[in-house]
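Below is one structure, written out as structure tokens, with a few remarks after it.
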Amino acid sequence: MSSLSFFFIFSLLASLSHAIELDFCVGDPSLPRGPQGYACKDSSTVTTDDFVYTGFRGEKATTNIFGNNVTLAFSNAFPALNGLGITMGRLDFAVGGVIPLHSHRTSEVIIIARGSIIAGFIDSNNTAYYKRLEVNDVMVFPQAMLHFQINVGRTPATAFVSLNGANPGLQLTTPSLFAGNLPGDIAEQITLLSHEEVTRIKRIFGTA
Ligand SMILES: *[C@@H]1O[C@H](CO)[C@@H](O)[C@H](O)[C@H]1NC(C)=O
Ligand SMILES: *[C@@H]1O[C@H](CO)[C@@H](O)[C@H](O)[C@H]1NC(C)=O
């Protein structure tokens with residue numbers, strides 16, 4: 001074995017054993033993110049506050065087109081989650097507000113904190129599983145399934161979610177079709193919606 005490859009293997013083992021010895025790796029979002037997450041913040045600068053997220057405090061404005069406000073405590077907003085394989089979110093709903101159909105790479109649990117919500121998901125056999133949830137009820141959405149929530153109560157609603165991934169992603173079906181760069185004629189063909197409907201929805205997102 002050349003001394004160069006010996007040195008390479010030795011440094012690889014040294015860095016792996018170093019990684020195993022770490023209690024945690026608070027991310028440094030100012031550095032580029034790799035597939036395994038962010039590089040660790042210098043541990044001598046880590047404080048208790050790094051492990052606390054206060055972004056869920058207070059009232060959230062629910063004035064967007066869906067009548068919702070989604071606050072994501074993913075690892076870029078809450079760097080202590082880096083590498084731990086968990087994330088959280090707070091969902092706020094106006095009366096009648098919705099979280100439109102979307103999916104993540106991970107599974108998700110939801111707990112209702114205020115109000116009354118119909119939550120559901122649709123499996124790959126097009127079977128919908130949905131139920132009206134009340135305060136303190138919990139439901140799980142298996143990974144990658146399309147799912148949604150609707151505030152069906154007479155008051156604003158709030159729920160908290162947790163996802164079992166550091167970078168679960170969030171893909172919203174309607175915006176992915178109509179808010180991005182997909183041409184309207186392609187959107188018509190792949191959804192069977194009429195030209196008028198596609199134009200109406202694209203206008204909502206300012207893309208027609
Ligand atoms: C969510 O609520 C916060 C606090 O009211 C507000 O600053 C923010 O603009 C809201 N986001 C959306 C998308 O409405
Ligand atoms: C798929 O859904 C149909 C009804 O739409 C049902 O008859 C069938 O058993 C389902 N298949 C599976 C594998 O769940």
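First listed ligand is number 1; within each ligand, the first listed atom is number 1. Because the structure is a prediction, the values reported are computed rather than measured. Count residues from 1 along the sequence.
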If a pair satisfies salt bridge (Lys or Arg N to Asp or Glu O under 4.0 Å) and one of its residues is in residues 54-83, list it, with sequence neighbours excluded.
Glu59-Arg114
Among all protein non-hydrogen atoms, which one is nearest to atom 3 (C) of ligand 2, and what is the separation to 0.1 Å?
Asn125 ND2, 3.7 Å
Give the atoms of ligand 1, by number and element, whose distance to some non-hydrogen atom of Glu59 is under 4.0 Å.
4 (C), 5 (O)
Does the protein put a heavy atom less than 4.0 Å from atom 11 (N) of ligand 2?
yes
Nearest non-hydrogen contact with atom 6 (C) of ligand 1 belongs to which option: Asn69, Thr63, Thr62?
Asn69
Taking the ring of Phe148 and the ring of Tyr130, is the distance between their centroids below 6.0 Å?
no
What's the shortest distance from atom 5 (O) of ligand 1 to any protein heavy atom, and which residue and atom give it?
Ala61 N, 3.1 Å
Strictly by modelled atom types, are Arg33 and Ser75 linked by a side-chain donor-acceptor pair under 3.5 Å?
yes
Between Phe121 and His147, does the ring centre distance come in under 6.0 Å?
no
Atom 13 (C) of ligand 1 has as its nearest protein heavy atom Asn64 ND2, 4.3 Å
Taking the side chain as every heavy atom from C-beta outward, state whether Ile99 and Phe93 have any atom pair closer than 4.5 Å.
yes
